[in-house]
Each structure stands twice: as structure tokens, then as C-alpha cells.
Amino acid sequence: YGHVDEIGVAASIWNFFRSGTLEPTEFTYPALYSYLVAGLVWLSGWWTGPALGSHRESLVLLSYLDPAQVALAGRVWSAAAGTLTLVVTFLLGRRAGGNGVGLAAASFLAVATVPVIQAHRALPDSTMAMFAALCFLFSWRLYEHGRWRDYLAAGVAAGLVVASKYNGA
């Protein structure tokens, strides 16, 4: 683990499999990120986990044999969310000021220290940033067109921001 918070997040995700429930056991962060990573672990367990009687039993055993599997899945998700944030930033910049503005905005984000570091960690920060960028994009579309579906999309994205990390509010 590269960050102290990754340990608590990983333990919370493994507890989903160990207890057989989606009830969170750690409340430093909201549960959305943990659910997303647990889904990735569940899918990856089909080809990386030890073979036992059931898929869940295999994942429980894996949680003791290789607990860092969650960190790997979380980092893959964070990297993907960080990359999608670049795309959304480009789209927002393009809508606001053309292709040059979109490319400049995405370029600055691509080399910004904090987002790059966060995209390498199994933490909800990149997920929150992705949903926040989507909220801004839909809000800009709302400004341009005033359609109800943009209100809805911006509201859903804002809700996902808060579901990813409390201080996103």
C-alpha cells in the first residue's frame, strides 16, 4: 500500500466478501468507491482467485493470501477514472471555448501533480474528480440549452460526487 488510507479501504472491501454482505464496515469514505472496486475484485476473481467450492469462498481465501489484490483493482479503477476525467475536461473546454481550450485544459490536468498522484492510489479521489467534471460538463450544457435532462444529469453527477467522497459536497 502506498497511502495509509488504502489499508482501511481495502479492509472494508474485503469485509464485503468475508461477511457476505454489502454493508460497509468503514466510514472514512462513502461506499460508492468501495462498491465499484469490490465489483472489479469480484470480476477479477474469476481468473485470479484460488479455486474453491464457490466464487465467494475463493475471494475470502484470496483476501487472506493476497490482500493487496484490492489495492491493484482500486488503482486500476483510479487510473481509469483519472483518464476519463481528462476526456471530460477536454469536452468541457471544447464546449466552453473550442478545441484549443479543451486541449489546453486536458493538457494542464494531465500534468497536474495532485490528480496524477491520486490516479495512482486506491482511493476515491479520482472517482470524485471524474464525477465532479461530469457535473460541470452537464451544468455547462444546462447553461447552453436549459434542457431538463441536463438538470437531471448534473444532479445525478453531483450525487455521485458526494457518494464518492464526503468533501465533494
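The structure presented is a predicted model; accordingly, all values stated were derived computationally and were not measured. Keep in mind that the numbers below use all heavy atoms, side chains included, and drop hydrogens, waters and symmetry copies. Position 1 is the first residue of the sequence; numbering continues from there.
- Note: the hydrophobic cluster containing L59 also contains Y64 (ILVMFWY, side chain heavy atoms under 4.5 Å, direct or indirect links).
- Side-chain contact between W14 and Q69 is present, with at least one heavy-atom pair separated by less than 4.5 Å.
- Residues forming a side chain to side chain donor-acceptor pair (under 3.5 Å) with T83 (at least two apart in sequence, or on another chain): none.
- The two atoms that bring L32 and S164 nearest to each other are CD2-OG, 3.6 Å, heavy atoms only.
- Here S63 pairs with R18 under the side chain to side chain donor-acceptor pair (under 3.5 Å) rule; sequence neighbours left out.
- Distance check: W77 CH2 to L40 CG gives 7.0 Å after rounding to the nearest 0.5 Å.
- Both V161 and F136 belong to a single network of hydrophobic side chains, linked directly or stepwise wherever heavy atoms of I, L, V, M, F, W or Y lie under 4.5 Å apart.
- Proximity of F131 to V156: side-chain heavy atoms (C-beta onward) are nowhere separated by under 4.5 Å.
- Contacts of Y143 classified as ring pair (Phe, Tyr, Trp, His ring centres under 6.0 Å), with partners at least two apart in sequence or in another chain: W140.
- Using modelled atom types, one side-chain atom of S78 and one backbone atom of L123 make a donor-acceptor pair closer than 3.5 Å.
- Here salt bridge (charged side-chain N to carboxylate O under 4.0 Å, His left out) pairs that include residues 87-115, with residues two or more places apart or in two chains, are R95-E144.
- Screening residues 98-115 for side chain to side chain donor-acceptor pair (under 3.5 Å), with sequence neighbours left out, gives no hits.
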Enumerate, atom names and distances included, each donor-acceptor pair closer than 3.5 Å involving a side-chain atom of residues 23-31, sequence neighbours excluded.
from : atom 1 : to  : atom 2 : distance (Å)
T25  : OG1    : N15 : ND2    : 2.9
E26  : OE2    : T28 : N      : 3.0
E26  : OE2    : T28 : OG1    : 2.3
Y29  : OH     : D5  : OD2    : 2.6

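- Under the salt bridge (charged side-chain N to carboxylate O under 4.0 Å, His left out) criterion, no residue pair touches residues 111-120, with sequence neighbours excluded.
- For residues 148-164, the pairs satisfying salt bridge (charged side-chain N to carboxylate O under 4.0 Å, His left out) are R141-D150, R147-D150, with sequence neighbours left out.
- Between W42 and F17 there is a side-chain heavy-atom pair separated by less than 4.5 Å.
- For V70 against V37, the heavy-atom pair with the smallest separation is O-CG1, 3.9 Å.
- Pairs of residues two or more places apart, or lying in two chains, that qualify as side chain to side chain donor-acceptor pair (under 3.5 Å) and include a residue from residues 117-126 are D125-K165.
- L86 belongs to a hydrophobic cluster whose other members, connected by ILVMFWY side-chain contacts under 4.5 Å either directly or through intermediates, are L109.
- A chain of hydrophobic side-chain contacts below 4.5 Å, direct or via other Ile, Leu, Val, Met, Phe, Trp or Tyr residues, connects V9 to V60.
- Separating the CZ atom in F138 from the CG atom in L142 is a distance of 11.5 Å, to the nearest 0.5 Å.
- Under the ring pair (Phe, Tyr, Trp, His ring centres under 6.0 Å) criterion, Y35 pairs with F16, not counting sequence neighbours.
- Within a 6.0 Å radius of OH in Y166, other residues, nucleotides and ligands contribute more than 12 heavy atoms.
- Under the 4.5 Å side-chain contact rule for hydrophobic residues, L84 and L92 share a cluster.
- Considering every non-hydrogen atom in both A106 and T89, the closest pair reads N-CG2, 4.0 Å.
- Screening residues 81-90 for salt bridge (charged side-chain N to carboxylate O under 4.0 Å, His left out) gives no qualifying pairs among residues at least two apart or on separate chains.
- The heavy-atom pair separating A71 from A122 by the smallest distance is O-CB, 3.7 Å.
- Residue Y33 is not grouped with residue L72 when hydrophobic side chains (ILVMFWY) are merged at heavy-atom distances under 4.5 angstrom, including chains of intermediate members.
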